[in-house]
Amino acid sequence: MEQLSGAEMVVRALRDEGVKHIYGYPGGALLHVYDALFQQDDVKHVLVRHEQAATHMADAYARATGKAGVALVTSGPGATNAVTGIATAFTDSIPMVVITGQVMSHLIGEDAFQETDMLGISRPVVKHNFSVQRAEDIPTIIKKAFYIAESGRPGPVVVDIPKDMTSPTDRYPYEYPKSVKLRSYNPISRGHSGQIRKAVDMMLQARRPVIYSGGGVILGGASDELTALAKMLNFPVTNTLMGLGGYPGTDRQFVGMLGMHGSYEANMAMHHADLILAIGARFDDRVTNAVDKFCPTARIVHIDIDPASISKTVRADVPIVGPSKVVLEEMIEQIKDSKKQPDAAALETWWKQIEEWRSRHGGRYETADSELMKPQQVIEMLSKVTGGDAYVCSDVGQHQMFAAQYYKFNKPNRWINSGGLGTMGFGLPAAMGVKMNFPDADVACVTGEGSIQMNIQELSTCKQYDLPVKILCLNNQSLGMVRQWQDMNYESRHSQSYMKSLPDFIKLAEAYGHVGMKVDKYADLEGAMREAFSLKDRLVFMDIAVDPFEHVYPMQVPRGAMRDMWLSKTERT
């Protein structure tokens, strides 16, 4: 059997797991591993400029492919810099393996140079973590890490490796396991047929149904099954922020995103529904608003692979634990075999009501009274120029909500954003992670002048690795969502929400070796954007001046029901 050092086993195990790229930043505790990386060509390392960016690149790769991304960071500040990215992946259930260096085993607990308790620090924001105690266990631990990260409800796994476990002078037999079993971890592989039967009976009796699908549909690869079920039943479909693209955004049955900044018709349909079929969604606060006022006339069927998510916030009448794809497949078969059919007359009446709601608002926004460009116009132009087929990575804030509302995603895994944690600085490294693995695709980073500066140093990484993403900075010279809340709840006392002394983003982009474009008139927007996307081999930074006073609407009224919304600055339901 081949004899390898611990460092060589780390690299070989990643290769044998099928990993092509890892994202990281070197340091003393990991130098043995970096030396092993240097001596092979199968696993490519991407040198970021900050460890947070490494985790976001790995995260975005996972969101776009469904496979676990890999980050590699050193001990101490390297590991703690990665925690934000680990937490980002954890809150959105994204599979990721983060390998962290650690001080030598005999120094742990001695406050050694660059020592931190990474197991303790990461425990609240990981699915699991490992500390390597014996170098010969590295292959098995790496295999377990990937298995745990990708199976069941996905999530990040940390593998903490003391430096002496990777010493090049100590060698051990290497064999990478074909599979692993964990006695205390057995993810559910199918739903309960009896519960599915109850759900089908309830669905076929519904008069005002809504399908509410979340990120679990995309993570579970169930978009085709969701679409087939909705078409079979003629039910309206709404997506969460994380679920966008799980059902075609341009289809007539799609009523838009729901929740805090959801569409008028989606929120109204949810409030008045008599049945909600929730698939891979967790009823979080950005959807439900006040839980005690949530959908008062609806019975709820909840499908989720994680039993802890069911009835956690809103009680389910029919809970179904299982993978969304497998459960929907069985649900479709039971509907086909059933002698019952949905109430066509009731559904026709329901659809008339939904269309009336859709015509009342339908994503409208005002442009007549301002010469300033609206952020909604920028997103609509992005959708037009890319044919609705781009990978859209966003940062967090107003621009994120505008992108979610006005870019119509017809495919899963194309909307890459930080949902649960809301991490500013996510957008650029996320776009880099997608572009590196889909080099021929259009990849856009929708950001703001606040978010982009959180990880703007990664423009250097883009130059080194030739990652020609397109950055659309919707520049309103403020922390837009903070300012909006201050307008609505603090009598426009704009405490620390305006950005002063902003850099010249065009010169900054050019300083990093990229192309910069300034757009401040809507008449120039289409031409500039088409030119940007025509430059296939260049990163283009588009600094786009937008109305600094624009708000995101609809917006739910705090502590209200789903039907309680602001529709404009002066109009409330």
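Note: hydrogens, waters and symmetry copies are ignored here, and every other heavy atom, side chains too, is used.
- Under a cut-off of 6.0 angstrom, the local environment of NZ in K127 is crowded, with over 12 non-hydrogen atoms contributed by other residues, nucleotides or ligands.
- You'll find the side chain of M542 stays beyond 4.5 Å of the side chain of K470, heavy atoms only.
- Heavy-atom neighbours of K518 NZ from other residues, nucleotides or ligands within 6.0 Å: above the threshold of 12.
- Counting heavy atoms from C-beta on, the side chains of Y34 and L72 come closer than 4.5 Å.
- Considering only heavy atoms from C-beta on, R63 stays 4.5 Å or farther from M96 through its side chain.
- The shortest distance between side-chain heavy atoms of M481 and Q400 does not fall below 4.5 Å.
- Side-chain atoms of E115 come within 3.5 Å of backbone N or O of D111 as a donor-acceptor pair.
- For the atom pair CD1 of I452 and SG of C445, the computed distance is 5.0 Å after rounding to the nearest 0.5 Å.
- With a 4.5 Å cut-off on side-chain heavy atoms, M424 and L479 count as touching.
- Between H21 and Y23, the ring planes are parallel. Angles under 30° get that label, and only those over 60° would be called perpendicular.
- Between V83 and M118, some side-chain heavy-atom pair lies under the 4.5 Å cut-off.
- The CG atom of L37 lies 4.5 Å from the CD1 atom of I22; values are rounded to the nearest 0.5 Å.
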Query raised in the report: How far apart are the C-alpha atoms of T227 and D251, what are their side-chain angles, what is the distance that settles it, and do they pass the side chain to side chain contact (heavy atoms under 4.5 Å, CB included) test?
Result: CA-CA 10 Å; T227 303; D251 189 82; over 6 Å; no
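- The local environment of NZ in K143 is crowded, with over 12 non-hydrogen atoms from other residues, nucleotides or ligands closer than 6.0 Å.
- Open room surrounds CZ on F113; 12 or fewer heavy atoms of other groups in view lie less than 6.0 Å from it.
- Checked by atom type, the side-chain pair Q457/S460 shows no donor-acceptor distance below 3.5 Å.
- Between Y174 and D16, the side chains place a donor N or O and an acceptor N or O closer than 3.5 Å (distance only, hydrogens not considered).
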Report task. Show your reasoning for whether side chain to side chain contact (heavy atoms under 4.5 Å, CB included) applies to N239 and V217. Result -> CA-CA 10 Å; N239 290 158; V217 169; over 6 Å; no
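- Residues forming a ring-ring contact (aromatic ring centres under 6.0 Å, His included) with Y406 (at least two apart in sequence, or on another chain): Y365.
- Counted within 6.0 Å of OH on Y25, heavy atoms from surrounding residues, nucleotides or ligands total 12 or fewer; the atom is thus considered open.
- The pair D389-R414 counts as a salt bridge, with a side-chain nitrogen and a carboxylate oxygen less than 4.0 angstrom apart.
- Among T88, D92, D395, the single residue meeting the side chain to side chain donor-acceptor pair (under 3.5 Å) criterion with T423 is T88.
- Across all non-hydrogen atoms, the minimal contact from R190 to E330 is NH2-OE1, 3.1 Å.
- Under the 30°/60° scheme for interplanar angles, the aromatic rings of F505 and F541 are found to lie parallel.
- Around the NE2 atom of H192, the shell of radius 6.0 Å holds no more than 12 heavy atoms that belong to other residues, nucleotides or ligands.
- Heavy atoms from other residues, nucleotides or ligands lying under 6.0 Å from CZ of R49 number more than 12.
- You'll find the side chain of E17 stays beyond 4.5 Å of the side chain of V97, heavy atoms only.
- Residues D306 and R153 share a closest heavy-atom pair of OD2-NH1, 2.8 Å.
- To the nearest 0.5 Å, the span separating CD1 on I188 from CD1 on I305 amounts to 7.5 Å.
- Sorted by first then second residue, the side-chain hydrogen bond (donor to acceptor under 3.5 Å, both in side chains) pairs that include residues 68-87, not counting sequence neighbours, are E51-N81.
- Checked against the 6.0 Å centroid criterion, the rings of F283 and H302 qualify as a close aromatic pair.
- In the model, S131 has a side-chain atom that pairs as donor or acceptor with a side-chain atom of Q133 under 3.5 Å.
- Side-chain contact between L421 and V125 is absent, with no heavy atoms from C-beta onward closer than 4.5 Å.
- Using modelled atom types, one finds a donor on one side chain and an acceptor on the other under 3.5 Å when comparing S122 with N129.
- For D41, the CG atom counts as loosely surrounded, since its 6.0 Å shell holds 12 or fewer non-hydrogen atoms of other residues, nucleotides or ligands.
- Between D59 atom CG and Q52 atom CD the span is 11.0 Å, to the nearest 0.5 Å.
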